[in-house]
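Shown next, in structure tokens, is the structure this report addresses.
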Amino acid sequence: MLDLIILTLHFFVCLLLSLAIWHGPKDADLRSSSTGTVETELDGLILIGKEDDIKRSGRVTARVNGRGVVVFYHEGKFHAMDSRCYHEGGPLRLGEIEDINGQACIVCPWHKFKITLETGEGLYEGINPLEPSPTPQWQSKGVKQRIHKVTIDNGNVYVSPPDLSVSFDSDYFADKYKNGGDLAMEK
């Protein structure tokens with residue numbers, strides 16, 4: 001009987017912890033209406049937030065036309081990209097920023113894929129086996145992550161809506177988890 005009581009208490013505590021984590025504080029998810037769209041102002045650009053607020057936090061997430069976008073403030077510059085990694089949809093908002101060969105890169109927390117903040121290129125360390133003493137060098141996989149143009153005006157940060165006439169690998173996960181599918185992807 002005591003085992004059953006302990007097991008029940010353990011289950012109840014785990015349930016409460018799960019609910020606290022699920023509903024706990026998250027990055028800002030900006031929505032201006034019940035449709036889940038962010039306000040559009042300033043020549044079709046989408047308002048993300050106040051410049052000072054984003055500078056203080058270092059990053060913020062928002063929904064832009066239903067897709068998750070993360071805006072980073074790093075070393076005096078704003079960068080925006082799809083919030084899900086092109087590889088397997090990892091949450092880039094949780095990644096660390098590293099300098100790789102003079103380029104600021106977000107490191108996906110799931111599989112450590114490295115993506116440049118400036119261009120969205122995927123980077124990998126490879127060798128040329130034909131060299132007598134091959135040494136690893138950073139190389140580009142090409143642009144894999146959709147980046148978004150950031151505009152600052154009157155203390156506000158805006159992002160350009162995505163140009164969907166050109167596709168990127170990250171579009172798969174942006175579409176798959178559009179309009180709130182982020183919770184299904186958390187690990």
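This chain uses plain numbering: 1 for the first residue, then up along the sequence.
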Heavy-atom closest pair, residues Arg56 and Asp53 | NH2-OD1, 2.6 Å

Return the minimal non-hydrogen interatomic distance between Pro162 and Val64, and the atom names on each side.
-> CD-CG1, 4.0 Å

Evaluate the ring planes of Phe113 and His111, with Trp represented by its six-membered ring, and classify them as parallel (under 30°), tilted (30 to 60°) or perpendicular (over 60°).
-> perpendicular

Determine whether Val159 and Val60 fall in the same hydrophobic cluster, where Ile, Leu, Val, Met, Phe, Trp and Tyr are linked whenever their side-chain heavy atoms lie under 4.5 Å apart.
-> yes

Do Arg67 and Leu164 have side chains that get closer than 4.5 Å, going by heavy atoms?
-> yes

Under the side-chain contact (heavy atoms from CB on, under 4.5 Å) criterion, do Ile106 and Arg59 qualify, and how do the steps go?
-> CA-CA 12 Å; Ile106 187 72; Arg59 62 187 70 182; 4.3 Å; yes

Of all the heavy-atom pairs spanning Val150 and Ala80, show the shortest one and how long it is.
-> CG2-CB, 3.6 Å

Arg63 and Gly68 have their tightest heavy-atom pair at NH1-N, 3.2 Å

Side-chain contact, heavy-atom cut-off 4.5 Å: Leu92 with Cys85?
-> yes

Nearest heavy-atom contact between Val71 and Phe78 is CG1-CD2, 4.1 Å

Which heavy atom of Ile97 sits nearest a heavy atom of Phe72, and at what distance?
-> CD1-CD2, 4.0 Å

Between the CG atom in Asn156 and the OG1 atom in Thr151, the distance rounded to the nearest 0.5 Å is 11.5 Å

Measure from the side-chain N and O atoms of Arg146 to the backbone N and O of Val166, and report whether any donor-acceptor pair falls under 3.5 Å.
-> yes

How many angstroms lie between atom CG of Asp175 and atom CZ of Arg84, to the nearest 0.5 angstrom?
-> 13.5 Å

Atom pair NE2 (His74) and CG (Asp99), whose distance is rounded to the nearest 0.5 Å | 7.0 Å

Cut-off 3.5 Å, side chains only: do His148 and Asp82 have a donor facing an acceptor?
-> yes

Okay, side chain of Arg93, backbone of Val70: is any donor-acceptor separation there less than 3.5 Å?
-> no

Atom CD in Glu121, atom NZ in Lys144: separation rounded to 0.5 Å?
-> 10.5 Å

Is there side-chain contact between His79 and Ile147, with heavy atoms separated by less than 4.5 Å?
-> no

Glu96 side-chain N/O to Pro109 backbone N/O, donor-acceptor pair under 3.5 Å | no

Does a salt bridge link Glu125 with Lys114, judged by any charged N lying under 4.0 Å from a carboxylate O?
-> no

Quick one: OH on Tyr172 to NE2 on His87, what's the gap to the nearest 0.5 Å?
-> 12.5 Å

Please walk me through it: do Ser160 and Leu45 pass side-chain contact (heavy atoms from CB on, under 4.5 Å)?
-> CA-CA 5 Å; Ser160 298; Leu45 300 179; 3.3 Å; yes

Other than Tyr124, which residues form its hydrophobic cluster under the rule that side-chain heavy atoms must be closer than 4.5 Å?
-> none

How long is the span from the CD1 atom in Ile152 to the NZ atom in Lys50, to the nearest 0.5 Å?
-> 11.5 Å

Would you tell me whether Thr116 and Gln103 have side-chain atoms, one donor and one acceptor, within less than 3.5 Å of each other?
-> no

Joint hydrophobic cluster, Val107 plus Tyr86, side-chain heavy atoms closer than 4.5 Å | no

